[in-house]
Amino acid sequence: MRETDFSERVLDWFDQHGRKNLPWQQEITPYRVWVSEIMLQQTQVATVLDYYQRFMATLPDLKALAEAPEDEVLHLWTGLGYYSRARNLHKTAHILMQQYEGNFPASVEQLEALPGIGRSTAGAIASIALGMRAPILDGNVKRVLSRHWAVEGYPGESAVARQLWDLAERLTPTERVNHYTQAMMDLGATLCTRTKPSCLLCPVVASCKAHILGREQDFPTPKPRQTVPQKHVVMPLLVDAQGCILLYRRPSTGLWGGLWSLPELESLSALPLWAQRHGITLGLQQPLAEISHRFSHFQLQIEPWLVQVEAAAVGIAEADWLWYNIKQPPRLGLAAPVKTLLKRVTHHIDQGTAA
DNA sequence: AAGTCGGGGCC
DNA sequence: GGCCCAGACTT
């Protein structure tokens, strides 16, 4: 589709469904837009509303802000977080009064040079308050664009960010940029939400690659986890004379809920007591190669041991325990690494029982 | 490129 | 309890 088709659909949607009653959308001035954009950095609209009203009631214009003590500005910001935003706001007010005669510079480059104003905020002020054709790329727009064009990769990477900025630049229309900017943010905030986007109501769903692929949730690629918590567990594969392996069924809730898994121990040294408690007499033990299993929230290092069972009491034959016959495997749910381990030891056991 | 700032909402 | 949010700045 052409760039103009995209922006026209977005603008039509905005005319019908966009938000037009937010406080910073009334009596639009560069000052009011600027303050709102700073407050809205990493902060949701609902949170900002009260702060914005109080701020504007106390410091209604650039001159008032510049003449206010920093303590007063920070007081108005208390609870909003990212307090460097307030200090930079104050600094910029002074710069505008002293170097720009109380006016906002009319170029994205000059706006971006001011403290607290980055590329996206500069684009927002330029387009919304000054009517200039300038793109923005905040979290909402990143989500809309990365989904619409199925842009792979974490936007924090420079190459991915470059792609998204390039898209944002090309799609920004020459007419009604102020409404287009507001529309894109509304689209991301109200329809193209992080979870459960309302694609049926989206004006550009027909050309949305993520939707066509059914992969809305895959975009944008989330920030790669830095430090994943590491956990370690010993899993004994207890093999009886028939070549069956002891499994137990996990509780229905929680990790691997309802799946069958191997016994879990903190260390191998805990095995003798564990076996004694379950009426199991142990034989030969041999270590197997470790398995690393990644969950969404942690990494599990599995230390598997192949352990021969000389004798087992019947007490273990309860509802949540079973001797798993590898040669005639029952149809039941197995935890993924357990399945891997069972498959891996099949030939070990063949050799063991043949001997 | 990674770390820092921060409170609130959400799952 | 982690993750994310109308990001920008420093290291």
Side-chain angles (χ1 to χ4, degrees), chain A residues 14 18-20 22-25 28 32-52 55 74 76-92 108-109 111-129 134-147 153-162 164-165 168 178-197 217-229 231 253-255 294-299:
Chain A
F14 177 75
R19 294 177 293 188
K20 303 173 189 73
L22 297 171
W24 44 87
Q25 294 176 314
I28 292 176
R32 291 174 54 82
V33 170
W34 168 51
V35 173
S36 74
E37 289 301 329
I38 301 301
M39 283 191 174
L40 286 162
Q41 287 170 359
Q42 299 295 97
T43 312
Q44 298 186 345
V45 168
T47 306
V48 165
L49 287 173
D50 286 343
Y51 286 91
Y52 185 79
F55 195 99
L74 286 170
L76 290 166
W77 214 271
T78 298
L80 201 51
Y82 284 118
Y83 298 97
S84 64
R85 294 186 295 176
R87 290 190 295 273
N88 283 332
L89 200 73
H90 201 214
K91 271 191 216 167
T92 290
V108 173
E109 292 73 20
L111 285 169
E112 205 177 335
L114 296 166
I117 300 181
R119 187 173 174 186
S120 189
T121 300
I125 297 171
S127 60
I128 295 174
I136 64 164
L137 190 64
D138 62 11
N140 287 317
V141 179
K142 278 178 194 164
R143 200 162 51 247
V144 172
L145 297 184
S146 63
R147 279 179 178 161
Y154 170 54
E157 294 173 23
S158 55
V160 180
R162 218 173 9 255
L164 292 172
W165 272 109
N178 55 342
H179 288 171
Y180 175 78
T181 296
Q182 188 62 55
M184 288 295 284
M185 294 192 287
D186 279 5
L187 206 53
T190 64
L191 291 189
C192 198
T193 49
R194 188 166 63 84
T195 56
K196 297 185 202 167
Q217 296 299 339
D218 293 348
F219 305 94
T221 303
K223 181 186 178 74
R225 204 50 25 67
Q226 292 310 93
T227 55
V228 179
K231 298 189 181 184
T253 59
L255 195 68
R294 170 71 178 268
F295 291 92
S296 58
H297 47 309
F298 68 91
Q299 179 130 354

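Residue numbers begin at 1 in each chain, while the letters A, B, ... track the order of the sequences.
Within the nucleic acid shown, A/Trp77 has no heavy atom closer than 4.0 Å to any nucleic acid atom. Contact annotation for A/Leu187: no contact, since no heavy-atom pair falls under 4.0 Å across all strands. Within 4.0 Å of A/Leu80, counting heavy atoms only, lies at least one base atom of the nucleic acid. Using a 4.0 Å heavy-atom criterion, one finds that A/Ser120 contacts the sugar-phosphate atoms exclusively. At a threshold of 4.0 angstrom between heavy atoms, the contacts of A/Glu112 with the nucleic acid are absent.
As rounded to whole Å, 16 Å separates atom P of C/dG7 from atom CG of A/Asn88. Between the C1' atom of C/dC3 and the OH atom of A/Tyr154 lies a distance of 12 Å, rounded to the nearest Å. Atom-to-atom, OH of A/Tyr51 to P of B/dG6 comes out at 13 Å; the value is rounded to the nearest Å. A/Tyr82 has its OH atom 5 Å from the C1' atom of B/dC5, to the nearest Å. Following rounding to the nearest Å, A/Trp34 (CH2) and C/dA8 (P) show an atom-to-atom distance of 14 Å. We find that CG of A/Asn140 is positioned 8 Å from P of C/dC5, with the value rounded to whole Å. Between A/Tyr83 atom OH and B/dC5 atom P there is a gap of 13 Å when expressed in whole angstrom units. One can place NZ of A/Lys142 at 9 Å from P of C/dA8, the figure rounded to the nearest angstrom.
Residue A/Thr121 places at least one side-chain N or O closer than 4.0 Å to OP1 or OP2 of C/dA8. Within the structure, every side-chain polar atom (N or O) of A/Gln42 is placed at least 4.0 Å from both OP1 and OP2 of C/dC5. Phosphate contact (OP1/OP2 of B/dA1, side-chain N/O of A/Ser158, threshold under 4.0 Å): present. Taking 4.0 angstrom as the limit, A/Arg143 places a side-chain polar atom (N or O) nearer than this to OP1 or OP2 of C/dC5.
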List the steps, then state whether side-chain contact (heavy atoms from CB on, under 4.5 Å) holds for A/Ile128 with A/Glu37.
CA-CA 10 Å; A/Ile128 295 174; A/Glu37 289 301 329; 3.9 Å; yes
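Of the possible donor and acceptor atoms, none in the side chain of A/Thr92 sits under 3.5 Å from a partner among the backbone N and O of A/Leu89. Using modelled atom types, no side-chain atom of A/Arg119 and backbone atom of A/Val108 make a donor-acceptor pair closer than 3.5 Å.
The closest side-chain heavy-atom distance from A/Arg143 to A/Pro197 is not below 4.5 Å. Side-chain contact between A/Trp24 and A/Val48 is present, with heavy atoms from C-beta onward closer than 4.5 Å.
Taking atom P on both nucleotides, C/dT11 is separated from B/dG6 by 15 Å, rounded to a whole Å.
At a cut-off of 3.5 Å, with distance as the only test, no side-chain donor of A/Arg85 or A/Asn88 sits close to an acceptor on the other residue.
For the pair A/Lys196 and A/Thr47, both in contact range of DNA chain B, the more 5′-proximal nearest nucleotide belongs to A/Thr47. Between A/Ala159 and A/Gly81, it is A/Ala159 whose nearest contact on DNA chain B lies nearer the 5' terminus. In terms of position along DNA chain C, the nucleotide closest to A/Leu22 lies nearer the 5' end than the nucleotide closest to the other residue of the pair A/Leu22 and A/Leu114.
Taking only side-chain atoms of A/Thr43, from C-beta outward, the nucleotide of C/dA8, B/dG8, B/dG6 with the closest atom is B/dG6.
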